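Only a predicted model underlies this, so the values are computations on that prediction, with no experimental measurement involved.
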Amino acid sequence: MNSKKHHSCIILCGGQSRRMGQDKGSMIIQDKPMINHVLSTLNNEINEVIIVLNNKDRIDKYKNFIKKEDYNFTVTFAEDEIKNIGPMSGILTGLKHITSDYALILPCDSPYVTENLIENIFNELDSRYQAIVPYHDNENKIKTSEPLHSIYSKNIIPEIEKLVSNDILHIKGLIEKIDTKFILIDNKKLLKKEFRNLNRPTDI
């Protein structure tokens, strides 16, 4: 980890996992909970993680199998500030808890994320922008973007609150409103598998 920079990550665990039929972050994948794969990958890459869940019962559940001593970054648990509106609330809640100016957003159901992905995104960090968002296709930049594997500035909190108040809850609506630096994915560096979410039992 680069000691000269303070890097934060927000892991979103607030989803209701309807398609999977059970809590995704705590599902056992290759002998450990899915979220623990993400956390292990973050070792040596960041300084702090904010894990956002949608209620206190799930926070207590996750505290039972996430052992802070297993990681060389601080771990903070936070409860969704606004319930049942999707990832927008998780991003808002997480940004209010970070101690740095920017945070990488990751979903708890992306166990294939790699150190290479994390390093490449943080290397693109630019204070002139409020978000760093990977995408797959120049002709469909917004449509093929990966807003839940992106970096966001803490200063977008008012914009998120404004969008939520207007019932605009789609994350791609957010990245169109703020100053976003889009990164075309070089598949030699950032493999599409790294962005894969496990949403259904058949995905495992």
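- Note on ring orientation: taking the six-membered ring where Trp is involved, the planes of F182 and Y135 are perpendicular (angle over 60°, cut-offs 30° and 60°).
- Considering every non-hydrogen atom in both I46 and H7, the closest pair reads CB-O, 3.6 Å.
- T144 contributes a side-chain N or O that, together with a main-chain N or O of D137, makes up a donor-acceptor pair within less than 3.5 Å.
- Side-chain atoms of K24 never come within 3.5 Å of backbone atoms of D109 as a donor-acceptor pair (strictly under, hydrogens ignored).
- Under the 4.5 Å side-chain criterion, counting only non-hydrogen atoms from C-beta, T41 is not in contact with E45.
- At a threshold of 4.0 Å, the pair K172-E146 does not count as salt-bridged, since none of the basic side-chain nitrogens sits closer than that to a carboxylate oxygen.
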For side chain to side chain contact (heavy atoms under 4.5 Å, CB included), just list the numbers for I11 and L42, CA-CA rounded to whole Å, side-chain angles, deciding distance to a tenth of an Å, and then say yes or no. CA-CA 11 Å; I11 301 182; L42 291 167; 4.0 Å; yes
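- A distance-only check finds no donor-acceptor pair linking the side chain of N140 to the backbone of K143 [under 3.5 Å].
- For E139, the CD atom counts as loosely surrounded, since its 6.0 Å shell holds 12 or fewer non-hydrogen atoms of other residues, nucleotides or ligands.
- With hydrogens and angles ignored, the 3.5 Å screen pairs no side-chain donor or acceptor of N72 with any backbone N or O of N43.
- In this structure, Y71 and F73 have parallel ring planes: the angle between them is below the 30° cut-off, well short of the 60° mark.
- The two residues Y62 and G25 have their closest heavy-atom pair at OH-CA, 3.1 Å.
- Not a single donor-acceptor pair under 3.5 Å links the side chain of T93 to the backbone N or O of D80.
- Here the side chains of S110 and H149 are in contact, with some heavy-atom distance below 4.5 Å.
- With sequence neighbours excluded, the residues that form a side chain to side chain contact (heavy atoms under 4.5 Å, CB included) with T74 are E48.
- Between K63 and F77, some side-chain heavy-atom pair lies under the 4.5 Å cut-off.
- The line from CG of L163 to CD1 of I85 is 10.0 Å long, rounded to the nearest 0.5 Å.
- Under the 3.5 Å distance criterion, with hydrogens and angles disregarded, no donor-acceptor pair is assigned to the side chains of N64 and D60.
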Verdict with reasoning, L39 to I66, per side chain to side chain contact (heavy atoms under 4.5 Å, CB included): CA-CA 9 Å; L39 291 168; I66 294 175; 3.9 Å; yes
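- For the residue pair K32/S40, the side-chain donor-acceptor check at 3.5 Å is satisfied.
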For I183 and V133, run side chain to side chain contact (heavy atoms under 4.5 Å, CB included): C-alpha distance rounded to whole Å, both residues' side-chain angles, the deciding distance at 0.1 Å, then the answer. CA-CA 6 Å; I183 310 164; V133 178; over 6 Å; no
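- S150 is not listed as a side-chain neighbour of I105, based on a closest heavy-atom distance of 4.5 Å or more.
- Surrounding NZ of K56 are at most 12 heavy atoms belonging to other residues, nucleotides or ligands under 6.0 Å away.
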Determine whether V164 and E161 satisfy the following criterion, side chain to side chain contact (heavy atoms under 4.5 Å, CB included), listing intermediate values before the conclusion. CA-CA 5 Å; V164 169; E161 291 174 331; 5.8 Å; no
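- Counting only N and O atoms by type, the side chains of D23 and S26 include a donor and acceptor under 3.5 Å apart.
- In terms of modelled atom types and a separation under 3.5 Å, the side chain of Y152 and the main chain of P147 share a donor-acceptor contact.
- Considering CD1 of I91 and CE of M88, their distance stands at 7.0 Å, rounded to 0.5 Å.
- Contact of the C13 side chain with the I35 side chain is registered, since non-hydrogen atoms from C-beta on lie closer than 4.5 Å.
- In terms of modelled atom types and a separation under 3.5 Å, the side chain of H37 and the main chain of I29 share a donor-acceptor contact.
- No donor-acceptor pair closer than 3.5 Å links the side chain of S89 to the backbone N or O of G86.
- Every pair passing side-chain hydrogen bond (donor to acceptor under 3.5 Å, both in side chains) that includes a residue from residues 121-130 is listed here, sequence neighbours excluded: E124-K181, D126-R128, Q130-N155.
- Distance check, rounded to the nearest 0.5 Å: CE of M34 to CE of M27 gives 5.0 Å.
- Annotation for K177: atom NZ does not count as buried by contact number, only 12 or fewer foreign heavy atoms lying within 6.0 Å.
- Taking CD1 from I160 and CD1 from I82, the interatomic distance works out to 9.5 Å, rounded to the nearest 0.5 Å.
- How far CG of N116 is from OG1 of T114: 5.0 Å, rounded to the nearest 0.5 Å.
- Between I157 and L92, some side-chain heavy-atom pair lies under the 4.5 Å cut-off.
- I132 CD1 to I175 CD1: the interatomic distance, rounded to the nearest 0.5 Å, is 11.5 Å.
- Side-chain contact between L12 and L106 is absent, with no heavy-atom pair separated by less than 4.5 Å.
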